[in-house]
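These notes are about the structure you will find just below.
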Amino acid sequence: MLQIYNSLTRNKVPFHPIVPNKVRLYVCGMTVYDYCHLGHARVLVAFDVVYRYLMARGYDVTYVRNITDIDDKILAKAQELGVPFTAITERFIQAMHEDTVALGTLPPTVEPRATEHIPQIIEMIHNLIARGHAYQGPNGDVYYAVTSFADYGKLSGKNIEDLTAGVRIDIDTFKRNPLDFVLWKTAKPGEPAWEAPWGLGRPGWHIECSAMSTHCLGANFDIHGGGADLQFPHHENEIAQSEGATGQPFVNIWMHNGFVRIDEEKMSKSLGNFFTIREILKSYHAEEVRYFMLSGHYRSPLNYTETNLDNARTALNRLYTAIRGLDLAVTTNATESELAESLESEFVARFHAAMEDDFNTPVAVAVLFDVVRELNKARVEGGDKSIKLGITLRYLSSILGLLNTNPDQFLQGAVSTEIADTEINELIQQRMQARKAKNWQEADRIRNRLLEQKVILEDGPQGTTWRRL
RNA sequence: GGCUGGGUAGCAAAGUGGCCAUGCAGCGGCCUGCAAAGCCGUCUACGCCGGUUCAAAUCCGGUCCCAGCCUCCA
């Protein structure tokens with residue numbers, strides 16, 4: 001039985017989809033005004049694994065991940081560069097897609113954009129006003145009245161009194177309550193704007209997610225995810241908006257992933273201590289980044305260090321080395337039931353037990369290494385058992401989005417420009433001659449020379465193979 | 001100040017009452033021309049102080065430290 005930690009109730013709950021066998025999943029995606037950093041990579045990978053695992057369990061999953069393509073920061077950047085805001089969003093949407101492809105994440109079922117859902121946003125604001133949850137201020141902006149929603153604070157464990165006590169004094173406010181937030185923002189001259197009953201303007205940040213999720217998945221759906229920093233106020237406000245507008249319960253399970261940290265501090269744009277995905281990919285294979293993310297539980301903080309990425313590299317090398325040279329063609333795109341005869345059920349069961357416990361990837365990964373040990377032992381003997389273990393390893397890894405590359409390609413792949421494959425092979429040939437002549441000094445000289453180029457040679461019964469460090 | 005989480009060996013990271021996590025690194029051995037890879041064995045743990053229990057890293061109380069949210073943020 002799959003158990004998922006629900007941020008709303010702060011405990012693990014058995015997962016029962018609202019519609020049997022169907023899962024509706026919404027994840028807050030990116031605001032596209034800059035390149036994605038490792039923190040974004042973590043959300044992408046964490047929910048990619050949730051998506052993959054739910055599908056592996058046989059669920060028909062609708063995965064919605066939105067794009068925020070209208071927002072103050074986007075407008076600020078457009079102004080700074082003197083270009084239309086769409087030039088900014090187009091550029092960074094494309095960059096984001098490049099990053100998601102590089103990270104090996106599956107594309108979501110739908111990727112809605114705020115600017116393409118203005119009618120739905122307007123309709124929801126209209127409903128909120130009609131139901132007494134929203135009002136138009138003297139400045140023309142439309143606000144959500146937090147005191148009109150009795151459950152406000154239920155997700156983040158806050159209450160209106162405490163929040164009010166700590167609120168900053170905002171002199172030019174047109175809000176009835178300092179905690180009220182903008183649903184519709186009146187456009188200043190020159191700003192992009194859409195027609196609405198309350199005048200030309202644009203949606204506030206929180207309303208778009210309510211409108212898009214409801215539009216794509218219905219008023220009540222199964223799982224809503226995002227980074228832990230979105231829990232308050234963003235997700236709290238989404239609940240207030242959606243439940244206020246529809247009168248129905250909004251989301252059954254809220255999932256929040258932990259942060260990526262640098263020097264024990266949250267990685268974020270505002271702190272300026274971030275690495276973009278594309279920067280990291282200059283030094284590390286995307287799969288190493290993914291392994292690094294999965295080596296910790298999705299709710300725990302994850303400390304970014306080069307040592308940790310290097311550890312991910314050696315760990316992944318061990319996994320790939322285990323299946324190198326095995327003929328596992330049969331596994332391509334097969335489902336678990338199709339593969340049943342080819343899998344070692346004990347490891348499959350342990351893997352599922354780990355994943356069913358709130359997607360416990362560190363334990364699931366540990367199972368992979370147990371498979372590796374058995375596999376390496378079986379390979380000495382040869383025969384069917386090693387194939388079966390290899391298929392098991394690759395199948396289970398695929399659920400985590402790992403080991404999808406050809407092993408030789410991965411182990412010999414260059415991350416940055418280094419010594420060319422042809423030159424490596426030439427040197428290996430030279431060394432082979434030296435070894436035949438038992439000229440060990442020359443053989444070792446060549447091996448050391450390659451090692452300086454971060455190429456490791458492995459002499460086996462079938463000849464010499466190589467891999468990059 | 002209010003509210004969440006967390007402190008596990010050299011590093012990373014699970015576990016949550018009694019038995020092995022796991023990966024890397026270290027040490028010893030096997031294998032190898034020597035290595036590498038692999039296999040076998042092995043050493044470093046549960047922040048601190050009390051308590052409950054036959055038994056606690058795991059439960060309870062206290063205490064110290066860390067991170068996050070309360071402002072845009074994945």
Side-chain angles (χ1 to χ4, degrees), chain A residues 7 10 27-31 33 36-47 65 68 71-73 76 153 156-159 161-168 170 179 205 225-234 236 256-261 264-271 274 291-292 294-297 299-303 305 307-319 321-322 324 350 354 357 360-370 372-373 375-377 379-380 411 435 438-441 443-444 447-448 451 455-461 464-467 469:
Chain A
S7 304
R10 287 186 202 86
V27 174
C28 286
M30 255 49 77
T31 300
Y33 70 101
C36 295
H37 59 66
L38 268 192
H40 299 116
R42 190 167 193 198
V43 199
L44 293 167
V45 170
F47 288 99
R65 189 181 66 215
T68 298
D71 142 288
D72 288 353
K73 286 181 179 171
S156 51
K158 300 178 188 306
N159 62 64
E161 292 74 48
D162 288 349
L163 286 166
T164 308
V167 85
R168 294 179 184 183
D170 201 352
L179 298 177
W205 175 38
D229 45 1
L230 296 186
Q231 189 168 359
F232 188 89
H234 185 57
E236 193 70 63
H256 293 97
N257 64 274
F259 302 123
V260 176
R261 289 190 198 165
E264 302 301 325
E265 203 176 42
K266 176 185 172 184
M267 176 185 289
S268 73
K269 298 281 296 180
S270 38
L271 289 168
F274 62 92
Y291 181 94
F292 164 59
L294 299 182
S295 67
H297 185 87
R299 283 191 280 120
S300 302
L302 191 61
N303 223 22
T305 63
T307 311
N308 288 348
L309 264 303
D310 290 343
N311 283 348
R313 172 167 292 176
T314 50
L316 210 46
N317 277 345
R318 183 165 156 84
L319 295 179
T321 304
R324 180 166 58 170
R350 284 176 55 205
D357 182 15
N360 194 332
T361 55
V363 171
V365 166
V367 173
L368 299 186
F369 284 98
D370 288 339
V372 165
R373 178 160 289 115
L375 173 53
N376 284 334
K377 278 196 264 187
R379 285 189 78 154
V380 178
L411 292 166
R435 292 187 73 214
K438 298 208 187 296
N439 184 351
W440 307 126
Q441 205 177 4
D444 291 351
R447 186 168 63 196
N448 286 332
L451 186 61
V455 173
I456 295 175
L457 298 189
E458 298 172 355
D459 299 328
T464 299
T465 54
W466 62 275
R467 64 186 166 90
L469 191 62

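Throughout, protein chains are lettered first and strands after them, A, B, ... in sequence-line order, and every chain is numbered starting at 1. The structure displayed is predicted, hence computed values, not measured ones.
- The residue A/L457 sits close to a base: some heavy atom pair falls under 4.0 Å.
- Remark: A/W440 is not in phosphate contact with B/A35, judged by side-chain N or O atoms under 4.0 Å from OP1 or OP2.
- Checking B/A74, B/A14, B/A37 against the side-chain heavy atoms of A/T321 singles out B/A37 as nearest.
- Partners of A/D444 under the side-chain contact (heavy atoms from CB on, under 4.5 Å) rule, at least two apart in sequence or in another chain, are A/R447.
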Practice problem: Let me see the working for A/W205 and A/T68 under side chain to side chain contact (heavy atoms under 4.5 Å, CB included), right down to the final yes or no. | Solution: CA-CA 8 Å; A/W205 175 38; A/T68 298; 4.0 Å; yes
Exercise. Apply the test side chain to side chain contact (heavy atoms under 4.5 Å, CB included) to residues A/D229 and A/H256: give CA-CA distance (whole Å), side-chain angles for both, the deciding distance (0.1 Å), then the verdict.
Key: CA-CA 8 Å; A/D229 45 1; A/H256 293 97; over 6 Å; no
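- One N or O donor and one acceptor, one from the side chain of A/D459 and one from the base of B/C34, sit under 3.5 Å apart.
- Looking only at side-chain heavy atoms (C-beta outward), A/T464 and A/E458 stay at 4.5 Å or farther from each other.
- For the pair A/K377 and A/E265, both in contact range of RNA chain B, the more 5′-proximal nearest nucleotide belongs to A/K377.
- Residue contacts shown for A/D444 include a base, since a base heavy atom lies under 4.0 Å away.
- Looking at A/K266, its side chain comes within 3.5 Å of the base of B/C73 through a donor and an acceptor atom.
- Using a 4.0 Å heavy-atom cutoff across all strands shown, A/S300 reaches sugar-phosphate atoms only and no base atom.
- A/K73 comes within 4.0 angstrom of a base, heavy atoms only.
- With contacts defined as side-chain heavy-atom distances shorter than 4.5 Å, the pair A/M267/A/R261 does not qualify.
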Enumerate all atom pairs, one protein N or O and one N or O from nucleotides 22-26 of chain B, separated by less than 3.5 Å.
{"residue": "B/G23", "atom": "OP1", "partner": "A/R373", "partner atom": "NH1", "Å": "3.4"}
{"residue": "B/G23", "atom": "OP1", "partner": "A/R373", "partner atom": "NH2", "Å": "3.1"}

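- Between A/K438 atom NZ and B/C34 atom C1' there is a gap of 12 Å when expressed in whole angstrom units.
- Within 3.5 Å, a donor on the side chain of A/R447 pairs with an acceptor on the base of B/A35, or the reverse.
- Using a 4.0 Å heavy-atom cutoff across all strands shown, A/F292 reaches no nucleic acid atom at all.
- Using a 4.0 Å heavy-atom criterion, one finds that A/G29 contacts the sugar-phosphate atoms exclusively.
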Nucleotide N/O to protein N/O under 3.5 Å, stretch nucleotides 15-20 of chain B:
{"residue": "B/G15", "atom": "OP1", "partner": "A/N360", "partner atom": "ND2", "Å": "3.0"}

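- Backbone-only contact: A/N308 has heavy atoms under 4.0 Å from sugar-phosphate atoms and none from a base.
- Annotation: side chain of A/F232 is in contact with side chain of A/L163 (closest heavy-atom distance under 4.5 Å).
- Among residues two or more places apart in sequence or in another chain, the side-chain contact (heavy atoms from CB on, under 4.5 Å) test is passed with A/A312 by A/Y291, A/F292.
- Paired runs in RNA chain B that reach 3 or more consecutive Watson-Crick or G-U pairs, where each pair keeps both distances under 3.5 Å, cover B:1-7 with B:64-70, B:10-12 with B:22-24, B:26-30 with B:38-42, B:47-51 with B:59-63.
- Residue side chain A/R435 reaches the base of B/G33 through a donor-acceptor N/O pair under 3.5 Å, judged by distance alone.
- Of the inter-residue distances, the one linking A/T465 atom OG1 with A/L411 atom CG reads 9.0 Å to the nearest 0.5 angstrom.
- Across all strands, A/S268 comes closer than 4.0 Å to base atoms (heavy-atom distances).
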Quiz item: For nucleotides 2-9 of chain B, read 5' to 3', which letter fits each nucleotide if B means a protein heavy atom sits under 4.0 Å from the base, S means only the sugar-phosphate is that close, and - means neither?
Solution: BSSS----
